[in-house]
Amino acid sequence: QVQLVESGGDSVQAGGSLRLACLASGSGYVYNRFWLAWFRLVQGGGREFVTAFYTGGSTPAYGQSVKGRFTASLNDAKNTLYLQMSGLKPEDTATYYCAATRAGNGLSRNAADYTYWGQGTQVSVSS
């Protein structure tokens with residue numbers, strides 16, 4: 001099994017910054033054989049791809065709406081995915097979910113391809 005625990009969500013004003021963290025653990029987690037990703041769910045919408053990072057070594061991929069403002073990084077132990085969010089906008093308001101899947105078919109921006117999910121952390125950006 002794999003457990004994902006997110007942290008770092010908060011309420012900020014537009015233009016501010018936040019850093020989210022996702023800790024992956026469990027007997028099924030192999031530190032260099034997983035894709036870790038962030039998705040976000042806005043009220044009334046579907047899960048939008050934010051970023052994904054292959055723990056075996058890659059540069060992260062980003063969704064178009066966050067490219068240039070958000071930066072993903074992995075700790076040395078390869079079990080924590082960070083999401084540094086800068087230049088936050090009201091439209092970034094969402095519940096942010098960490099997701100994971102075993103590496104196999106490469107990068108996926110589709111939430112349905114991820115097996116494990118965290119409980120979510122709320123980010124609220126006011127104008």
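Numbering starts at 1 and runs along the sequence shown. Please read all numbers here as calculations on a predicted model, not as lab measurements.
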TODO: Evaluate side-chain contact (heavy atoms from CB on, under 4.5 Å) for F70 paired with T51, printing each intermediate quantity in order.
DONE: CA-CA 9 Å; F70 291 9; T51 187; over 6 Å; no
Open item on the list: For a quick test of reading the model, state the closest non-hydrogen atom pair linking P90 to S127 and the distance between them.
Closed with: CG-CB, 3.9 Å
Open item on the list: To the closest 0.5 Å, what do you measure between CG (L88) and OG (S11)?
Closed with: 11.0 Å
Task: Connected via hydrophobic side-chain network under 4.5 Å: V30 and V2 - done: yes
Open item on the list: Keeping T121 on the side-chain end and G9 on the backbone end, is there a donor-acceptor pair under 3.5 Å?
Closed with: yes
Open item on the list: Run R40 and V66 through side-chain contact (heavy atoms from CB on, under 4.5 Å) and show every step you take.
Closed with: CA-CA 11 Å; R40 64 188 185 184; V66 306; 3.9 Å; yes
Task: Pairwise distance NZ(K78) to CG(N32) - rounded to 0.5 angstrom - done: 6.0 Å
Open item on the list: Test your reading of the model: is there a side-chain donor-acceptor pair from S86 to the backbone of S17, 3.5 Å cut-off?
Closed with: no
Task: R109 side-chain N/O to V50 backbone N/O, donor-acceptor pair under 3.5 Å - done: no
Task: Polar side-chain atom of E6 near backbone of C22 as donor-acceptor pair, under 3.5 Å - done: no
Open item on the list: Quick one, T71 with Y62, criterion side-chain contact (heavy atoms from CB on, under 4.5 Å). Give me CA distance, side-chain angles, the key distance, then yes/no.
Closed with: CA-CA 8 Å; T71 303; Y62 296 96; 3.9 Å; yes
Task: Y116-L23 co-clustered via ILVMFWY side chain contacts under 4.5 Å - done: no
Task: Shared hydrophobic cluster for Y31 and Y54 (ILVMFWY, side-chain gaps under 4.5 Å) - done: no
- [ ] Kindly work out whether a path of hydrophobic side-chain contacts (I/L/V/M/F/W/Y, heavy atoms less than 4.5 Å apart) joins Y97 to L4.
- [x] no
Open item on the list: Could you measure the distance from the OG1 atom of T80 to the CG atom of L20? Nearest 0.5 Å is fine.
Closed with: 13.0 Å
Open item on the list: Please tell me whether Q13 and S126 have a donor and an acceptor in their side chains that are separated by less than 3.5 angstrom.
Closed with: no
TODO: For the residue pair S65 and E48, confirm or rule out a side-chain donor-acceptor distance under 3.5 Å.
DONE: yes
- [ ] With the side chain counted from C-beta on, respond yes when M85 and D92 share a heavy-atom pair under 4.5 Å apart, and no when they do not.
- [x] no
Open item on the list: Tell me if a side-chain donor or acceptor on Q84 pairs with a main-chain N or O of R19 at a distance below 3.5 Å.
Closed with: no
- [ ] Treating Ile, Leu, Val, Met, Phe, Trp and Tyr as nodes and any side-chain heavy-atom pair under 4.5 angstrom as an edge, say whether L81 and Y96 lie in one connected cluster.
- [x] yes
Open item on the list: Any non-hydrogen side-chain atom of L36 less than 4.5 Å from a side-chain atom of L74?
Closed with: yes
- [ ] Measure from the side-chain N and O atoms of T55 to the backbone N and O of F34, and report whether any donor-acceptor pair falls under 3.5 Å.
- [x] yes
- [ ] Begin from the C-alpha positions of K89 and V125 and carry the test side-chain contact (heavy atoms from CB on, under 4.5 Å) through to its verdict.
- [x] CA-CA 6 Å; K89 305 174 182 180; V125 185; 5.5 Å; no
Task: Backbone of D113 reached by a side-chain donor or acceptor of S108 within 3.5 Å - done: no
- [ ] Drop me the distance from Q64's CD to F49's CZ, to the nearest 0.5 angstrom.
- [x] 11.0 Å
Task: Polar side chain donor-acceptor pair, R102 to Y29, under 3.5 angstrom - done: no
TODO: Quick one: closest heavy-atom pair of W117 and A111, and the distance?
DONE: CZ2-O, 3.4 Å
Open item on the list: With a 4.5 Å cut-off on side-chain heavy atoms, are V42 and T93 touching?
Closed with: no
Task: Partners passing ring pair (Phe, Tyr, Trp, His ring centres under 6.0 Å) against Y114 (at least two apart in sequence or in another chain) - done: F39
- [ ] With sequence neighbours left out, write down each residue that passes ring pair (Phe, Tyr, Trp, His ring centres under 6.0 Å) with Y82, or none if nothing qualifies.
- [x] none
